[in-house]
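Scroll down for the structure; my scribbles are underneath it.
In this text, all values refer to a predicted model and were calculated from it rather than measured experimentally. Each ligand, and each atom within it, is numbered from 1 in the order the structure gives.
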Amino acid sequence: MIDLARYPREITLHNGVTLVFRPMDRDDVGRLWVFFQQIPPEDKMFFRQDVSRREVVQHWAETLDYGLVLPILALEGDRVVGDATLHRRRTGWKQRVGVVRVQIAPDYRHIGLGTAMVRELRHIGEKSALQYLMAEVIEEQAAAVRAFEKMGFVRGATYRNFVVDQKGGLHNLHVLLYRMSSPTGG
Ligand SMILES: CC(C)(COP(=O)(O)OP(=O)(O)OC[C@H]1O[C@@H](n2cnc3c(N)ncnc32)[C@H](O)[C@@H]1OP(=O)(O)O)[C@@H](O)C(=O)NCCC(=O)NCCS
C-alpha cells in the first residue's frame, strides 16, 4: 500500500526555497504539460512518449493508477518544477522491482531537488515492500548517472548500442540498481 497520507509534503532545498511534493492528480494536465515544454530537446530525445503532445499528458491523467505508476510532482506555488515517477507491477517476477524516472526543470537543477525526489521514491518503495529500485540512463546523461550513484545506486549492467534516439542514433544504456535496506521475502 502506498502511504498517501504523507502528502502534500513540504521540503526545503539547499537554497532555502520551499516546495511541495504530492502525487499528480487529474487537474495537473496543464501545469505538467507546461513543465515538459521547458525540458531541453537533448533531454526529451530519450523520452518514451512525445510529451510535447498535450493529449499524452491528458491520457496519463485519465488513467492514473498509483499502484502501477506513482508520479510525484514538485511544485513551487502552482508551477511544476520536478516530476519523479515510480513504475511497478502488481504481479509476476518483477513485482519487487520499481523503476524510477526523474525530470527536473532546468532552472531547478543542481540544488538538490533530483536527490530529494529520488529519496522520496526510495521511501515509498521501502514502505511498499520493493526490493530494488532500477533506473535506466543513457551513457550521455552523465549528470543523471552521477546523481543516481551519489544516492547509492550501483551500475548493474551496461548494454552497448542498445537504444535509439529520435534521430536513429545508437546509445549505450546503463542500468543502475538500488537495493532496499530491509528487503522482505526471498
Ligand atoms: C539528472 C537530474 C534528475 C539531476 O537532478 P538535480 O536536481 O540537478 O540533481 P541534484 O541537485 O540533486 O544533484 C545530485 C548530484 O548529481 C550530480 N550532478 C548534478 N548535475 C550534474 C551535472 N550537470 N554534471 C555532473 N554531475 C551532476 C552531482 O554529483 C550532484 O551532487 P552534488 O550537488 O552533491 O555534487 C536532472 O539533471 C535532470 O532532470 N536531467 C535530465 C533528465 C534525466 O537525465 N533524468 C534521468 C533519467 S531517469
Side-chain angles (χ1 to χ4, degrees), residues 9-24 28 31-52 56-57 60 68-77 79-89 94 97-125 130 132-159 162-167 169-180:
R9 208 170 109 71
E10 278 198 353
I11 63 129
T12 302
L13 300 176
H14 303 329
N15 62 0
V17 168
T18 298
L19 304 175
V20 169
F21 284 177
R22 65 159 173 80
M24 174 189 179
D28 288 319
R31 55 179 75 90
L32 188 56
W33 182 63
V34 167
F35 166 76
F36 283 126
Q37 288 181 319
Q38 299 159 22
I39 301 294
E42 61 270 23
D43 292 339
K44 269 203 255 188
M45 198 184 295
F46 304 109
F47 279 18
R48 287 148 183 87
Q49 285 169 285
D50 182 3
V51 291
S52 58
V56 167
V57 184
W60 294 344
L68 289 179
V69 183
L70 178 66
I72 300 291
L73 304 183
L75 289 126
E76 192 194 17
R79 179 188 166 200
V80 175
V81 295
D83 174 36
T85 50
L86 177 64
H87 303 248
R88 53 183 309 187
R89 295 165 194 237
K94 289 187 182 165
V97 179
V99 176
V100 302
R101 295 182 194 147
V102 195
Q103 282 296 326
I104 305 297
D107 57 329
Y108 271 77
R109 291 182 189 176
H110 319 300
I111 48 172
L113 180 54
T115 303
M117 296 203 85
V118 173
R119 196 179 298 131
E120 183 69 21
L121 295 185
R122 220 163 59 183
H123 174 86
I124 297 288
L130 290 179
Y132 281 98
L133 294 184
M134 184 169 108
E136 295 179 322
V137 182
I138 307 301
E139 190 166 68
E140 288 82 351
Q141 290 170 301
V145 174
R146 285 264 315 269
F148 281 117
E149 286 182 339
K150 276 199 84 161
M151 287 177 264
F153 284 69
V154 294
R155 279 187 218 192
T158 299
Y159 299 113
F162 192 69
V163 287
V164 282
D165 59 36
Q166 287 163 355
K167 292 178 185 157
L170 288 170
H171 299 266
N172 297 341
L173 182 77
H174 292 312
V175 177
L176 296 133
L177 296 174
Y178 179 84
R179 178 104 160 95
M180 296 300 187

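Geometrically, ligand 1 and A142 share no nitrogen or oxygen pair separated by less than 3.5 Å. For E136, no nitrogen or oxygen atom sits less than 3.5 Å from a nitrogen or oxygen atom of ligand 1, counting backbone and side chain alike. Here's the thing with G114: one of its N/O atoms is less than 3.5 angstrom from an N/O atom of ligand 1. Residue R101 has no nitrogen or oxygen atom sitting less than 3.5 Å from a nitrogen or oxygen atom of ligand 1, judged on distance alone.
Between Y178 and F153, the ring planes are tilted. Angles from 30° to 60° get that label.
In this structure, atom 26 (N) of ligand 1 lies nearest to the protein heavy atom R146 NH1, 3.7 Å. The closest protein non-hydrogen atom to atom 12 (O) of ligand 1 is T115 OG1, 2.5 Å. The nearest protein atom to atom 23 (N) of ligand 1, hydrogens excluded, is given as H110 CE1, 3.2 Å; this is a heavy-atom distance.
No part of I39 comes within 4.0 Å of ligand 1, judged by heavy-atom distances. Both the backbone and the side chain of Q103 come within 4.0 Å of ligand 1, judged by heavy-atom distances. At a heavy-atom cutoff of 4.0 Å, ligand 1 is contacted by both the backbone and the side chain of I104. At a heavy-atom distance under 4.0 Å, atoms from both the backbone and the side chain of R109 approach ligand 1.
For R89, the CZ atom sits in a loose shell: 12 or fewer heavy atoms of surrounding residues, nucleotides or ligands are nearer than 6.0 Å.
Every atom of ligand 1 is numbered from 1 in the order shown, and the set under 4.0 Å from a heavy atom of I111 is 11 (O).
Ligand 1 lies less than 4.0 angstrom from a heavy atom belonging to G112.
In this structure, atom 7 (O) of ligand 1 has a protein heavy-atom contact shorter than 4.0 Å.
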